[in-house]
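See below for the structure under consideration.
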Number of protein chains: 4
Amino acid sequence: MSTLNDGSFISTVYIHPGGGAIARNNHKNSDKRRRILDAAVSVFAEKGFFQSKVSEIARMAGVADGTIYLYFKNKDDLLISIFEEKMQEINVTFRRALEEEKDARARFRKLIHMHLAGFQAYPELAAVLQVELRQSSRFMRGYKKVELKKYLDFIGEVIEQGQKERAFRPDIPLGLAKRLVFGTLDEVVSTWVLAGRPYDLETLADPIVDLFLRGIQREPSGTKTETERR
Amino acid sequence: MSTLNDGSFISTVYIHPGGGAIARNNHKNSDKRRRILDAAVSVFAEKGFFQSKVSEIARMAGVADGTIYLYFKNKDDLLISIFEEKMQEINVTFRRALEEEKDARARFRKLIHMHLAGFQAYPELAAVLQVELRQSSRFMRGYKKVELKKYLDFIGEVIEQGQKERAFRPDIPLGLAKRLVFGTLDEVVSTWVLAGRPYDLETLADPIVDLFLRGIQREPSGTKTETERR
Amino acid sequence: MSTLNDGSFISTVYIHPGGGAIARNNHKNSDKRRRILDAAVSVFAEKGFFQSKVSEIARMAGVADGTIYLYFKNKDDLLISIFEEKMQEINVTFRRALEEEKDARARFRKLIHMHLAGFQAYPELAAVLQVELRQSSRFMRGYKKVELKKYLDFIGEVIEQGQKERAFRPDIPLGLAKRLVFGTLDEVVSTWVLAGRPYDLETLADPIVDLFLRGIQREPSGTKTETERR
Amino acid sequence: MSTLNDGSFISTVYIHPGGGAIARNNHKNSDKRRRILDAAVSVFAEKGFFQSKVSEIARMAGVADGTIYLYFKNKDDLLISIFEEKMQEINVTFRRALEEEKDARARFRKLIHMHLAGFQAYPELAAVLQVELRQSSRFMRGYKKVELKKYLDFIGEVIEQGQKERAFRPDIPLGLAKRLVFGTLDEVVSTWVLAGRPYDLETLADPIVDLFLRGIQREPSGTKTETERR
DNA sequence: TATGAATGAGCGTTCATTCAT
DNA sequence: CATGAATGAACGCTCATTCAT
């Protein structure tokens, strides 16, 4: 659909650890750890965090219940770990992918596309990050979402760069702008997930970009708009 | 801070039912129902839905545990009821308040202000609606959020009116625009709640409005902006 | 089916208290008491003692929950009262009906017929007396089943009379014989109730009588049997 | 008392499984399953099914509450399992024991003796099977009592054999006869249990047998009876 | 490392009973 | 007598976590 065929923000990273020479395994049998994590994503996505039983995750991962506790502190930690590892992968992938684009507007556009295309490619992960994660009290309370902050900062950087390049308005409070962008994407993905993913998510990217860039307001006469002009 | 001193979207309604001579009690002591609901808001806000014990809500409401089940089907229903009743009040209040403003831009601005001021005035309610509610599996799965849809539609109407008045761009997809607005507000309030409400929420209203109206993009030269111009 | 058309052991008594001049009402509104009792029989029969809610009995009787406690000490007492009152009616009716028969064998036969015909006519009562009653711990433990003992004694009397009349063997221990007769009837009715009452209960009366009178054993040659003889 | 020294219908089977080298444990500690079952028999017998708390059974079995649910689906299942396992043991033991007797009358006599002697030897089991079991709504409603039917059929076989051997009257309906025998035994044991087991149960066996075989009726003159004859 | 049987704290919910009106 | 809203004790069951093997 999109020319942003690198939109899948996970696969990139998936390849590296297994295939490359660089093994960043903390645990000997890191494959088991990954199997547990993948099973957790599946089960959480299907049943919801609270309906998911640790024993079911264990069964799906092909390990004993107790084994899970060799890799994760507890059920909550499982959820948090999904978040941390996936967000980190996302951050890495995004940063790498956006380096290809030099222009701020193009970067901004690509960011939106990747966000939507990424979740579209990993709907189970989308369900977990968008819905189930919020059910963890540890996640919602007191836990420093470092990687999420990084993602927000990342959005901020793109906007800031745009301001430096004089492509974006200089008077926008950065903290607000990034929250605004993230909030919208978050809302759009959540709605899509909770509605049962009935439509193509990435289709929304361009209109969203347009809206962000130009605003709701009808521009003062004398200003030309590609779409509006006839 | 704001001239929108009716920003508190709940109190308005709070006053009405008590003020009239007509008591709409199903049960003799319908005050008991309200006490339970208020207690639930408090407890849910403080402890989170899953950490909250029904018996604690009962204690805070000054009723027996079993009494709660005379008014609500179960713990989940308690949460859903908070959502439904409060959202309904919000929808009523907002609709009423916005009628005062005729101009679309002013309406839009007032909407944003009320949303933020309202949650600022009822932080416990904010916590429940923004955070705890999402922990109810019944809420997140399969339950028709009618009042939420109404709120979204309401936002949509304001935008649509603006388009008719030629104040807003006609080429914006409504469904997207309202989600964008709601998503931003949702995100902003959630962040504020989860961060411990460290700042004045309504302060964000004007910048948000500005951003929505004019977009991120630096306007083409030749277009004047009040704030930007020096 | 049977010539024992007075088999219905309840109706007889039903008529007397209301119709006659002799009102044995302890409570003013004894009609309410009866309505509650009848409702209890229905509900207990349909749902079982433990699945039956006092409030449901109240609803079916058309009284308030609390009213039941003006007539009965508690739920258990309700069940016990059904037993006591119905058994008393049964005892009275049976004693009266059997007076018509003078011959011991005929009496015995009539007793069996009435027992089976009676439960057949009041299947709900049958269900309660045969099944639900045993679910009351007060009934099963420590409670003196006076009326049941009377019924057993009554059976005993019939047998004893038969012995005096030299119609029945004199060497049968009475206590055992009456238990044997009662046990069989009890089992037969219980089976019928629990099986969903799929057949005509009274049909079993004659074979049962025959079995009791003559035993299982093939009689020594030289003794003639109406049925066996060809 | 009796020459039927194998009357205890449980112990026989108890010995066998332990005696062999083959352990039929599903769970490592299948002894735990038995401990729970035995504890349940004790507690149910003493307090009654509904007064018995699962935690008390657990305590008496020396396991944690939750452990019970590793072996049994729920409290009801505990009761049903007692019934099924014990009835099966009884059926096996009885069938084996009766094979020793070839004559139908002797078999019949032994059956009655074993039934009474068996319950006498295991009064707690008697209480559970005779009284508490009937308190389980699952047992009383909709549950197929296969093993009970087998027991009844077993009685039926003995009677049928007697008919073939021309020892018993050929004109007795089998279905009725077996119910009559079972009903009597059931009633006799229930009475004994509920009365607090004040007498020797097996003493009743011979008179019962006699009653069944010869009936209540005084035999026509010319027929001699050992007991009656003087 | 890996297992999985065992643990036991924890809680939502029911419903017989009471009692103020 | 009658009501029915309110009570609150009581308990079966789950399941995350542990630990002996």
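Proteins come first, then strands; the chains are lettered A, B, ... in the order of their sequence lines, and each starts at number 1. Please read these numbers as outputs of a predicted model, since none were measured by experiment.
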Ignoring backbone atoms, test whether D:Tyr71 places a side-chain nitrogen or oxygen under 4.0 Å from the OP1 or OP2 oxygen of E:dA6.
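Yes.
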At less than 4.0 Å, is any side-chain N or O atom of A:Lys32 found next to OP1 or OP2 of E:dT1? Yes or no.
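Checking A:Lys32 against E:dT1: no side-chain N or O falls below 4.0 Å of OP1 or OP2.
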Separation of [N] [atom2] from [X] [atom1] (nearest whole Å):
X       : N      : atom1 : atom2 : answer
A:Phe44 : F:dA16 : CZ    : C1'   : 12 Å
D:Phe49 : F:dG12 : CZ    : P     : 9 Å
B:Ile36 : F:dA5  : CD1   : P     : 14 Å
A:Glu56 : E:dG4  : CD    : P     : 17 Å
B:Arg59 : E:dC11 : CZ    : P     : 12 Å
B:Arg33 : F:dA5  : CZ    : P     : 15 Å
B:Phe72 : E:dG12 : CZ    : P     : 15 Å
D:Phe50 : F:dG12 : CZ    : C1'   : 12 Å

Find the distance between [atom1] ([X]) and [atom2] ([Y]) and round it off to the nearest 0.5 Å.
X        : Y       : atom1 : atom2 : result
D:Leu79  : D:Glu84 : CG    : CD    : 10.5 Å
D:Ile36  : D:Leu78 : CD1   : CG    : 7.5 Å
C:Leu125 : C:Ile82 : CG    : CD1   : 8.0 Å

Candidates [options] - which lies nearest the side chain of [X]:
X       : options               : answer
A:Tyr69 : F:dG4, E:dT7, F:dT17  : F:dT17
D:Val63 : E:dT7, F:dG8, F:dC11  : E:dT7
D:Thr67 : E:dT7, F:dC1, F:dT7   : E:dT7
C:Leu70 : F:dA6, E:dT3, F:dC1   : F:dC1
C:Asp65 : E:dT17, F:dG8, F:dC13 : E:dT17

I want to check something: taking the side chain as every heavy atom from C-beta on, are C:Ile57 and C:Phe44 in contact at a cut-off of under 4.5 Å?
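C:Ile57 reaches C:Phe44 side chain to side chain.
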Any side-chain heavy atom of B:Glu56 within less than 4.5 Å of one from B:Lys47?
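Yes, side chains in contact.
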Using the P atom as the point on both nucleotides, what is the distance between E:dT1 and F:dT21, in whole Å?
22 Å
Using heavy-atom distances to pick each residue's nearest nucleotide on DNA chain F, tell me which of B:Ala64 and D:Val54 is more 5'.
B:Ala64
Taking the nucleotide of DNA chain F with the closest heavy atom to each, which residue, C:Ile68 or D:Lys75, is nearer the 5' end?
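The residue whose closest nucleotide sits nearer the 5' end is C:Ile68.
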With nearest nucleotide decided by heavy atoms, which residue, D:Gly62 or C:Asn74, maps closer to the 5′ end of DNA chain E?
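It is D:Gly62, whose closest nucleotide lies nearer the 5' terminus.
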Given DNA chain E, 5'-ward residue of the pair B:Lys53 and D:Gly66, judged by closest heavy atom:
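Comparing both residues, the 5'-ward one is D:Gly66.
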Might you work through the side-chain contact (heavy atoms from CB on, under 4.5 Å) test for A:Leu148 and A:Phe83, ending with a clear yes or no?
CA-CA 9 Å; A:Leu148 188 58; A:Phe83 167 73; 3.7 Å; yes
Looking at F:dA6, which nucleotide sits across from it as a Watson-Crick or G-U wobble partner, both distances under 3.5 angstrom, or is there none?
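Because both required distances fall under 3.5 Å, F:dA6 counts as paired with E:dT17.
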